[in-house]
Amino acid sequence: MAEHETGQRVDDEGFVVDTEDCEERERTHRERGTARPITVVGNPVLHRECKDVTEFDGELAKLIDDMFASQRAAEGVGLAANQIGVDLKVFVYDCPDDEGVRHVGVVCNPVLEELPAERRVLDDSNEGCLSVPGAYASLARPDYAVVRGQDAEGRAITVRGTGYFARCLQHETDHLYGRLYIDRLSKRERRDVLRQMAENTPRYETVPND
């Protein structure tokens, strides 16, 4: 392990260490925050690119706390700011990888790295979304992902994930550019997902699309 110039713990390859003190870090954010209702597909904020985070201040810190509280209340593993109606490029995560290792963190202004062909091994597992409650569909995504961005203080960070956690990083980055996972499905698959959503009652509070 090493310490990055930003002061964050990084491994020998320069990736943020997000597997330490997960319980304490998540709980600290969550207990300071307030859970907010989840916006659902059809809400305009979900369907456009969010604004860059430019102020790394107390308001951002409070938003991040609320996002962790909202994520836990909805029993999610990742949450983008626009999923609680906030037009900013920031997401939080509390997600296991395929080895069962827990990852907890926050990324502002994320950019997903394009993988070289030799690293693009696709996994077609089921995917769901808090903004499309009660619905799931198979979606092929690379089983490895690297996201570059900033932490809550504006310091540069790089996060990588494999398996389920890689899917989470890609899914949440997509959100902040106005893309839901159902936008990557065929028309038939998308209709099926929306049918599933209509037939189920969300288990958490949502914002109705009036």
Side-chain angles (χ1 to χ4, degrees), residues 1-33 50 52-58 60-61 63-65 67-69 71-72 76-81 83 88-127 139-177 179 181 184:
M1 300 293 176
E3 187 167 301
H4 194 268
E5 61 187 359
T6 63
Q8 285 220 294
R9 293 265 294 164
V10 299
D11 64 19
D12 294 336
E13 297 177 81
F15 296 102
V16 165
V17 177
D18 56 8
T19 56
E20 297 178 342
D21 304 318
C22 289
E23 182 66 29
E24 179 181 354
R25 290 189 292 113
E26 188 275 339
R27 183 177 64 250
T28 298
H29 282 297
R30 171 169 44 86
E31 290 181 347
R32 288 193 304 241
C50 292
D52 289 344
V53 176
T54 58
E55 300 292 332
F56 297 86
D57 54 12
L60 177 64
L63 170 63
I64 290 168
D65 289 343
M67 290 173 68
F68 273 104
Q71 175 178 255
R72 174 58 72 93
V77 297
L79 187 74
Q83 291 185 273
L88 281 177
K89 282 182 182 163
V90 53
F91 72 78
V92 302
Y93 59 87
D94 181 0
C95 184
D97 58 29
D98 282 0
E99 304 301 317
V101 177
R102 185 179 181 184
H103 300 258
V104 171
V106 55
V107 184
C108 301
N109 303 323
V111 176
L112 187 66
E113 281 196 358
E114 190 70 30
L115 293 178
E118 62 270 18
R119 293 304 304 266
R120 289 183 61 84
V121 178
L122 296 181
D123 169 30
D124 62 355
S125 297
N126 263 11
E127 190 160 327
L139 177 62
R141 289 192 190 265
D143 69 353
Y144 177 80
V146 174
V147 171
R148 297 188 183 276
Q150 294 165 281
D151 68 10
E153 285 75 44
R155 299 173 296 204
I157 55 171
T158 307
V159 183
R160 68 173 168 183
T162 58
Y164 187 51
F165 182 41
R167 182 175 294 274
C168 175
L169 292 175
Q170 294 168 82
H171 180 110
E172 301 307 331
T173 300
D174 269 357
H175 266 303
L176 300 177
Y177 290 86
R179 183 182 298 117
Y181 86 98
R184 295 184 176 274

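Since the model is a prediction, treat every value here as computed from it, not as a measurement.
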Return the minimal non-hydrogen interatomic distance between Leu139 and Glu127, and the atom names on each side.
CD2-OE1, 3.6 Å

Glu153 and Phe56, any side-chain heavy atoms less than 4.5 Å apart:
no

Just by modelled atom types, is the Phe68 backbone N or O under 3.5 Å from a matching donor or acceptor in the Asp65 side chain?
no

Atom pair CG/CG of Leu60 and Asp151 - distance to nearest 0.5 Å:
9.5 Å

At what distance, to the nearest 0.5 angstrom, does CG of Asp98 lie from CG of Asp123?
7.0 Å

Whether Asp97 side chain and Val101 backbone form a donor-acceptor pair below 3.5 Å
yes

May I ask you to check whether Asp52 and Thr54 show a side-chain donor-acceptor distance below 3.5 Å?
no

Assess whether side-chain contact (heavy atoms from CB on, under 4.5 Å) is satisfied between Leu88 and Cys108, documenting all intermediate values.
CA-CA 8 Å; Leu88 281 177; Cys108 301; over 6 Å; no

Using atom types as modelled and distance alone, determine if a side-chain donor or acceptor of Gln150 lies under 3.5 Å from a backbone N or O of Ala156.
no

Any side-chain heavy-atom pair of Tyr144 and Val121 under 4.5 Å
no

Could you go through residues 157-165 and list every donor-acceptor pair under 3.5 Å that involves a side-chain atom there, pairing it with any protein atom two or more places apart or in another chain?
from, atom 1, to, atom 2, distance (Å)
Thr158, OG1, Arg148, NH1, 2.8
Arg160, NH1, Glu13, OE2, 3.2
Arg160, NH2, Asp11, OD2, 3.3
Arg160, NH2, Glu13, OE2, 2.9

So which atom in Gln71 and which in Val92 form the shortest heavy-atom distance, rounded to 0.1 Å?
OE1-O, 3.5 Å

With a 3.5 Å distance limit and no angle check, can you tell me whether Glu113 reaches the backbone of Val147 through a side-chain donor-acceptor pair?
no

Taking the side chain as C-beta and beyond, is there a heavy-atom pair between Ile64 and Val106 under 4.5 Å?
yes

Short side-chain to backbone donor-acceptor contact, Glu172 and Leu169, under 3.5 Å:
no

When Asp94 is tested against each of Arg102, Arg30, Arg27 for salt bridge (Lys or Arg N to Asp or Glu O under 4.0 Å), which residue passes?
Arg102

Walk me through it: do Tyr177 and Lys89 pass the test side-chain contact (heavy atoms from CB on, under 4.5 Å)?
CA-CA 8 Å; Tyr177 290 86; Lys89 282 182 182 163; 3.6 Å; yes

Any idea how Tyr93 and Phe91 line up, ring-wise: parallel (<30°), tilted (30 to 60°), or perpendicular (>60°)?
tilted

Show the numbers, then the answer: is there a side-chain contact (heavy atoms from CB on, under 4.5 Å) between Thr19 and Val17?
CA-CA 6 Å; Thr19 56; Val17 177; 3.9 Å; yes

To the nearest 0.5 Å, atom CG of Leu79 lies from atom NE2 of His171 at 9.0 Å

With no hydrogens and no angle check, is any side-chain donor or acceptor of Gln170 less than 3.5 Å from a backbone partner on Arg141?
no

May I ask you to say whether Arg25 pairs ionically with Asp21, meaning some side-chain N is under 4.0 Å from a carboxylate O?
no

Return the minimal non-hydrogen interatomic distance between Cys168 and Cys95, and the atom names on each side.
CB-SG, 3.8 Å

Are Ser125 and Arg167 close enough, and set up right, to give a side-chain contact (heavy atoms from CB on, under 4.5 Å), and what steps lead you there?
CA-CA 9 Å; Ser125 297; Arg167 182 175 294 274; 3.8 Å; yes

